[in-house]
Amino acid sequence: MVPQIELSLGLWQGSYNKRDRLWLRWMTLEGDLIPTLEEEAAAAKQRATNAEQRAINAEQEEAAAKQQATEAKKQNDRLVAKLRELGIIAEEFS
C-alpha cells in the first residue's frame with residue numbers, strides 16, 4: 001500500500017498483452033483496479049456504442065409516435081366526417 005498517493009498493488013487474474021495469468025496490478029486503496037489505457041479505450045468505445053444505440057432507439061420511438069399521431073388524426077377526421085354526415089355535429093365544428 002502507498003497511502004500517500006492513494007494506491008496499492010494487488011493480484012489480478014486476467015489477460016494482458018494476450019497472456020492470461022496472475023498479474024500484479026495497481027489498485028485503489030479500496031481494492032478497485034486502476035484501468036490500463038486499453039481498458040479505458042474499450043470502456044470509452046462501449047459508452048459511445050451505448051449512446052449511439054440509445055439515439056437510434058429514441059429516433060425509432062419518435063417515428064412510431066409520429067405514426068400513431070397520424071393514425072389517430074385520420075381516425076378522428078373519419079369520425080368527425082361520419083358525425084357530420086349523420087347531422088350530429090355542424091359543418092363549422094372542427
Side-chain angles (χ1 to χ4, degrees):
M1 247 203 268
V2 189
Q4 296 85 350
I5 58 172
E6 299 183 4
L7 290 175
S8 67
L9 285 172
L11 295 175
W12 171 74
Q13 178 69 45
S15 182
Y16 180 72
N17 285 341
K18 300 181 182 178
R19 289 186 177 159
D20 192 31
R21 58 180 282 195
L22 192 61
W23 296 93
L24 191 59
R25 290 275 306 258
W26 286 109
M27 298 182 173
T28 65
L29 293 177
E30 293 79 29
D32 297 322
L33 288 175
I34 304 295
T36 64
L37 292 176
E38 292 84 9
E39 291 167 338
E40 279 290 336
K45 184 176 181 178
Q46 185 61 51
R47 287 190 300 272
T49 300
N50 292 347
E52 184 178 339
Q53 187 59 52
R54 285 192 304 273
I56 290 168
N57 291 346
E59 288 173 2
Q60 290 172 343
E61 288 173 10
E62 179 186 12
K66 284 181 179 179
Q67 180 65 30
Q68 287 175 343
T70 299
E71 292 300 320
K73 181 166 181 358
K74 286 179 184 178
Q75 183 179 16
N76 182 62
D77 291 346
R78 286 192 302 272
L79 291 172
V80 168
K82 186 65 172 176
L83 291 172
R84 283 189 182 131
E85 179 185 315
L86 296 172
I88 296 172
I89 60 172
E91 283 294 323
E92 33 316 312
F93 179 77
S94 296

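Heavy atoms only, all atoms of each residue included: Trp23 and Tyr16 are closest at CZ2-O, 3.6 Å.
For Glu52, the CD atom sits in a loose shell: 12 or fewer heavy atoms of surrounding residues, nucleotides or ligands are nearer than 6.0 Å. Within a 6.0 Å radius of CD1 in Ile88, other residues, nucleotides and ligands contribute more than 12 heavy atoms.
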Please list every donor-acceptor pair under 3.5 Å in which a side-chain atom of residues 43-50 meets a protein atom from a residue at least two apart or in another chain.
unit_1 : atom_1 : unit_2 : atom_2 : d
Gln46  : NE2    : Asn50  : OD1    : 2.8
Thr49  : OG1    : Lys45  : O      : 3.0
Asn50  : ND2    : Gln46  : O      : 3.4

Donor-acceptor list for residues 25-33 side chains, cut-off 3.5 Å, not counting sequence neighbours:
unit_1 : atom_1 : unit_2 : atom_2 : d
Arg25  : NH1    : Glu39  : OE2    : 3.3
Arg25  : NH2    : Ile34  : O      : 2.9
Arg25  : NH2    : Glu39  : OE1    : 2.8
Thr28  : OG1    : Glu30  : N      : 3.3
Thr28  : OG1    : Glu30  : OE1    : 3.3
Thr28  : OG1    : Gly31  : N      : 3.3
Thr28  : OG1    : Asp32  : N      : 3.0

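Between the side chain of Gln13 and the main chain of Arg21, a donor-acceptor pair closer than 3.5 Å is present.
Side-chain atoms of Lys74 and Arg78, non-hydrogen and from C-beta on, do get closer than 4.5 Å to each other.
With values rounded to the nearest 0.5 angstrom, Glu61 atom CD is found 10.5 Å from Gln68 atom CD.
Gln75 and Glu71 share no donor-acceptor pair across their side chains, judged by distance under 3.5 Å alone.
Note: the hydrophobic cluster containing Leu22 does not contain Trp12 (ILVMFWY, side chain heavy atoms under 4.5 Å, direct or indirect links).
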